[in-house]
Amino acid sequence: MLGEGIIKGMAETARNFLGSYHDAARLTTVEFPEDKIPAKESARNFPFLVHDGEDAMQGLRCVACQICEKECPPKCIFIIKDTNKKPDYVGKLQFQPKVFDIDVSVCMSCQICVEVCPFDAIKMDTDFELGGSDRFGGLLLNKRRLAKPNSYYHTIHPTEAAEVDGRLAAEKAKVEAKAKADAEAKAKAAAAAAAAKAAAQTTPPVVASTPAAVVTPAK
Amino acid sequence: MIADLLNGIGLLLWRVVSDQPDAKGALLPVLPAVLQPVVSAVLSVAPIIGVFASLFALTTLLERKGLGRIQNRLGPNRVGPFGILQPAADGLKMLTKEDIIPRSADKVVHFLAPVCLAVPTLLAFAVLPYGRNLVPLDLDAGLLFFFAVGASTELSIFMAGWSSRNKYSLLGAMRAIAQMISYEIPLIVSSVTVVMMTGTLSPMHIVEHQAGFIWGFIPHWYVLTPWGFAGFVIFTIASLAESNRSPFDLPEAESELIAGHLTEYSGFKYALFFLAEYLGMFAISGLGVTLFLGGWHAPLPGLEWIPSFVWFFGKLVSMVFLFIWIRGTVPRLRVDQLLNLAWKFLLPLALINLVVAAVWHFTAVWTFPGALVVRWLLGAALIGGPYVLLGSALSGAKKNTLRVYRYAT
C-alpha cells in the first residue's frame with residue numbers, strides 16, 4: 001500500500017533516535033580533541049628525519065646526498081650541505097645537512113623521498129596536528145623540527161623500524177668484519193714482509209722489479 | 001504614577017500566566033490616552049517576535065541535534081554545555097559576515113526580497129489563538145487572512161531568485177513558485193473541511209468548537225474524526241511543501257541548485273531568509289494545531305488547570321519535531337514526482353475529503369446506539385478506499401524490470 005515505506009522508514013529513524021540515547025555502541029563518533037584513536041601502523045602523512053642517540057643534530061642519519069631533494073615531485077625539500085663531515089653509523093666520515101627544510105604545505109605525502117633514501121634517514125610520520133597561526137614559517141619545518149629519535153620511529157611503525165634496524169646492524173657487522181679481516185690481512189702481510197725482510201738480509205734479491213707494475217692499463 | 005505602572009505590568013503578567021481575559025486592560029488605563037494605541041500594538045507584536053525568534057533559535061539547535069541522533073551522531077556539542085549556545089554562535093557568525101551583492105544584481109529588489117519575506121510571515125502570526133484569551137487579532141476571516149498573507153511569500157522568493165541574476169537562483173525560484181502554488185490548493189481544500197464543520201473562518205471559534213470530550217476522556221479534536229485525520233495528513237504534507245522543508249526542499253536542493261534562491265545571499269539577509277523559513281514553518285504548524293489538534297485545549301479532562309498556551313506551544317513543538325523527524329527520514333522528491341503528488345493524489349483526496357466531511361455532518365442526526373462508531377467506520381471507508389485505489393493506481397503502474405541496454409553490452 002502507498003505510504004508503507006514511509007512508515008517503515010519513520011520507524012527505523014525513530015529506533016535510531018531513541019537507540020542512540022541508551023545504546024552507546026551506536027554512537028561511533030570519536031570526539032576528537034579529547035579522544036583520539038591511536039594511528040594505525042600503516043598510517044603515513046609527512047616525512048621526518050631519523051636520528052640515533054641522544055643528540056639529534058649529531059645523530060642525524062642524513063648525509064645530505066640530496067637524492068630526495070631531486071626526486072621530490074612537488075619540490076618541497078630544500079637541502080644545503082655542510083662543509084665539515086661527521087662519522088655515520090659505521091664510523092665512516094660523511095657530509096651532513098647544514099639546512100634541511102620541508103615545506104609541509106607543499107608536501108603531497110607521496111613517500112618517494114623515503115623510497116629513494118639510501119641511508120634510511122627519512123621516514124614517514126603519523127603526526128597530523130600541524131595546524132598553526134603562521135601559514136608560511138609555521139609550515140616550513142627545519143631540521144630541528146624534523147629530527148625525531150629512532151625510538152619514536154619504533155613506536156609509530158614497529159615492524160618497519162625493526163627491519164631497518166636489522167639491515168643497518170647487518171651492514172655494520174659486515175663492515176666491521178671486513179675491517180677486522182683487513183686488519184688481520186694487514187697484520188699478516190706485515191708479518192710476512194717482516195719475515196721476508198729478515199730473509200732478504202741473508203740472501204740478496206734476484207729481481208728488483210717486475211715490468212707489469214709500471215705498465216698503465218689500456219683504455 | 002510609577003507604582004500604578006508597576007502594578008499594571010504585574011497584573012498584566014499575572015493575567016497572561018493565569019489564563020485570564022483582558023490582560024491588556026490591566027495596563028492600558030494606567031497610561032495616558034495618547035500612548036494607549038501604541039502600547040497596545042507593541043504588547044501584541046513584541047511577544048510574537050520575541051517568542052518565535054527564540055523558538056527559531058532553539059529549533060535550529062534541536063533540529064541539528066535530532067538529525068544527528070537519527071543518524072547515530074551526537075550533533076553540535078561544542079559551544080556551551082550540550083551545545084546550547086550554538087544558536088548564539090551561529091547568529092554572531094551570520095551578523096558579522098560580509099553582505100555580498102552580485103555586481104549585475106538588481107540591487108533594490110535584491111535588498112527588498114528578504115524584508116518582503118519576513119513581513120507577511122510575521123503577519124500570519126497575528127490571527128493564531130495562542131491561548132484561551134491570547135489572540136493578537138480576533139479576525140472573523142482570520143483563516144482567509146492567514147492564507148492570503150501566506151501566499152504572498154511566493155512573491156518575495158521569486159524576487160530573490162530574479163534579482164540575483166544567477167541561473168541557480170532563478171531555477172530555484174521557479175521551482176519554489178511551482179511547488180508553492182501547487183501545494184497551496186490541497187492545503188486550503190483540506191482546511192476548508194474544518195470551515196464546513198464549524199461554519200466559521202475565525203481561528204478562535206474553530207478552537208472553541210473543539211472543546212469538550214467524547215465519553216469523558218477522548219478530546220473532541222478534529223484529528224480524531226475520519227475527515228479530520230485525512231485532512232490533517234494532507235495538511236501536514238502540503239505544509240511541508242509550503243515551508244520548503246525536506247522532502248520537498250527542491251527549491252534549495254543543494255546537489256542540483258547550490259542553494260536555490262538563497263545562492264547569492266549572505267550575512268544578515270541570508271539569516272532573514274532562514275528566519276522567515278522557520279517562522280513560516282511555525283505559523284503553518286500553529287494553524288495545523290488550531291484547525292485539527294484542538295488548539296490550546298488540554299488532551300485530557302484533568303489537565304485543564306495547566307495554562308492553555310502551554311498546550312498550544314507543546315503541540316506546536318510536537319509538530320516541529322514531526323517535521324524534523326520526516327526530514328531525517330524521507331529523501332527529496334523529483335520535480336515531476338512532486339507535482340504528481342500534489343495534482344494527482346493530494347488534490348483528489350482533499351476533494352473527496354470534503355464529501356466525507358459532508359457525510360459526517362449529515363449523519364450527525366443519527367441517534368441509534370453505536371452511531372458514532374458506525375459514522376466513524378463509514379467515514380474511514382469513504383476516505384480510505386479512494387486512498388488505497390488512488391495509491392495503487394499511481395504507484396502500481398511502475399514495475400521493476402531488468403534494464404535492457406541498447407548499445408552497451
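A, B, ... follow the sequence lines: proteins, then strands. Residue 1 opens every chain.
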Could you walk me through whether A:T13 and B:R327 pass the side chain to side chain contact (heavy atoms under 4.5 Å, CB included) test, one step at a time? CA-CA 10 Å; A:T13 44; B:R327 180 177 168 185; over 6 Å; no
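- Of all residues in residues 66-88 of chain B, those placing a non-hydrogen atom less than 4.5 angstrom from a non-hydrogen atom of chain A are B:G66, B:R69, B:I70, B:N72, B:R73, B:L74, B:N77, B:R78.
- Within 6.0 Å of CZ in B:F229 there are 12 or fewer heavy atoms belonging to other residues, nucleotides or ligands.
- Looking at A:E34, only its side chain comes within 4.5 Å of chain B, counting heavy atoms on both sides.
- Within a 6.0 Å sphere centred on NZ of B:K344, heavy atoms belonging to other residues, nucleotides or ligands number 12 at most.
- Within a 6.0 Å radius of NZ in B:K97, no more than 12 heavy atoms belonging to other residues, nucleotides or ligands are found.
- By the neighbour-count criterion of 12 heavy atoms within 6.0 Å, atom CD of A:E129 is densely surrounded, having more than that number from other residues, nucleotides or ligands.
- Heavy atoms of other residues, nucleotides or ligands lying less than 6.0 angstrom from CD of A:E115 number more than 12.
- Shown here are the salt bridge (Lys or Arg N to Asp or Glu O under 4.0 Å) partners of A:E171, two or more places apart in sequence or in another chain: there are none.
- No more than 12 heavy atoms of other residues, nucleotides or ligands shown are found within 6.0 angstrom of NZ on A:K174.
- Side-chain contact between B:T329 and A:K8 is absent, with no heavy-atom pair separated by less than 4.5 Å.
- Pairing each heavy atom of B:W325 with each of A:A14, the nearest pair is CZ2-CB, 3.6 Å.
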